[in-house]
Amino acid sequence: MTEDAVVDVTPRDLLTIGAFAARARLSAKALRLYDRLGLLSPAYVDEATGYRYYRAGQVERARLVALLRQLDMPLARIAEVVAAGDGPTAAELLGAYWADVEARVAGQRTLAAYLRGRLSGRSSEMYRKFTIETVDVPEQVVITEKRHTLADELPAWIGASLGRLEAAARECGGVAGVPYVAYHAEVSMESDGPAEACVPVADEAAARAWVERHGRAWETAVRVEPARRLAYTRVAKAQVAHPQILAAFEAVEEWMAAEGLTQAGPCRELYFADWDAAGAEDPVCDVAFPVS
């Protein structure tokens with residue numbers, strides 16, 4: 001006897017898995033998967049045979065789960081949507097998920113365009129859009145916060161960490177230079193750096209005292225950054241997003257090679273403008289390499 005067969009112990013108001021699958025336009029295999037994932041459990045399971053039975057009222061939920069899976073929605077988020085039931089809450093959860101999808105696809109579309117340019121040999125055309133200059137930066141005392149982070153977490157961490165460090169600097173004689181983020185190793189979806197947020201401070205003793213009191217929670221430290229010459233290019237707010245900013249880094253590297261300069265420290269992004277007030281085309285950041 002198969003699980004789809006009707007047996008005498010079947011409650012009268014329930015459907016066998018085969019009958020329910022036909023109504024829901026799903027396979028019995030899919031229904032077993034939904035049960036295993038905790039998304040749609042049978043209304044009744046016969047203890048003796050293990051056969052599953054469903055209520056007719058579960059059809060809409062089964063169809064909803066199937067449709068959400070077609071959107072490649074993670075199982076945890078599907079569970080949230082179906083638990084919310086029909087109504088504005090479920091619609092808002094779906095809307096939030098789809099906004100995330102569209103943002104991810106937009107980023108992937110930009111990355112694909114960037115890679116097409118590289119693979120077709122048009123990298124030099126991209127690099128010529130950037131103006132490269134050098135600047136000498138004096139020795140600075142910086143209060144820092146270091147973290148291993150992947151690329152998708154990086155923007156939020158940069159904003160939060162620089163905000164914390166700037167607040168600390170105001171208690172240590174004030175911010176004494178342009179805040180920046182240094183990359184001690186690659187940050188991508190496969191590599192987690194670390195990255196180091198740095199804010200120059202006016203009072204080294206006060207900064208060290210602040211770190212002694214508060215720094216342990218955020219892996220905060222104080223160090224003296226030596227005088228450096230930086231090769232840099234200035235980018236607009238829209239260009240800070242990945243992967244546009246990769247082209248800026250590569251443009252500076254190509255210029256350094258042409259000029260016979262050697263990288264003399266971790267590359268960095270210097271944030272000199274009010275990020276929230278800046279428009280998409282406003283310059284906000286210098287992409288820089290210490291050189292010798």
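What you see below is based on every heavy atom in this structure, not just the backbone, and it leaves out hydrogens, waters and symmetry mates. Not measured: the values here are computed from a predicted model.
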> Which pairs count as salt bridge (charged side-chain N to carboxylate O under 4.0 Å, His left out) when at least one residue sits in residues 262-284, sequence neighbours excluded?
Replying inline: Glu225-Arg268
> With sequence neighbours excluded, what pairs up with Phe130 under the ring pair (Phe, Tyr, Trp, His ring centres under 6.0 Å) test?
Replying inline: none
> Taking the six-membered ring of Tyr34, is NZ or CZ of Arg61 closer than 6.0 Å to its centre and within 45° of its axis?
Replying inline: no
If you look only at distance, which donor and acceptor atoms sit under 3.5 Å apart when one is on a side chain in residues 36-43 and the other is two or more places apart or in another chain?
none

> With sequence neighbours left out, what residues match Tyr232 under ring pair (Phe, Tyr, Trp, His ring centres under 6.0 Å)?
Replying inline: none
> Who else is in Leu67's hydrophobic cluster (ILVMFWY, side-chain heavy atoms under 4.5 Å, direct or via others)?
Replying inline: none
>> Closer than 3.5 angstrom, by distance alone: can the side chain of Tyr44 be matched with the main-chain N or O of Leu14 as a donor-acceptor pair?
In response: no
>> In this structure, would Leu75 and Leu31 fall into the same cluster of hydrophobic residues linked by side-chain contacts under 4.5 Å?
In response: yes
> Do Val101 and Leu64 share a hydrophobic cluster (ILVMFWY, side-chain heavy atoms under 4.5 Å, transitive)?
Replying inline: yes
> Under the ring pair (Phe, Tyr, Trp, His ring centres under 6.0 Å) test, which residues partner Tyr54, sequence neighbours left out?
Replying inline: Phe20
>> Tyr180: which residues meet the ring pair (Phe, Tyr, Trp, His ring centres under 6.0 Å) condition with it, sequence neighbours left out?
In response: none
>> Tell me whether Arg223 contacts the main-chain N or O of Thr144 through its side chain, where contact means a donor paired with an acceptor under 3.5 Å.
In response: no
> side chain to side chain donor-acceptor pair (under 3.5 Å) with Ser161: which residues, sequence neighbours excluded?
Replying inline: none
>> Among residues at least two apart in sequence or on other chains, which ones pass salt bridge (Lys or Arg N to Asp or Glu O under 4.0 Å) with Glu80?
In response: none
Donor-acceptor contacts, no H, no angles, side chain residues 162-174, under 3.5 Å, sequence neighbours left out:
{"from": "Arg164", "atom 1": "NE", "to": "Glu145", "atom 2": "OE1", "distance (Å)": "3.2"}
{"from": "Arg164", "atom 1": "NH2", "to": "Glu145", "atom 2": "OE2", "distance (Å)": "2.6"}
{"from": "Glu171", "atom 1": "OE1", "to": "Trp210", "atom 2": "NE1", "distance (Å)": "3.4"}

>> For Asp152, give me all partners under side chain to side chain donor-acceptor pair (under 3.5 Å), at least two apart in sequence or on another chain.
In response: none
> Tracing side-chain links under 4.5 Å among I, L, V, M, F, W and Y, which residues wind up in one group with Val45?
Replying inline: none
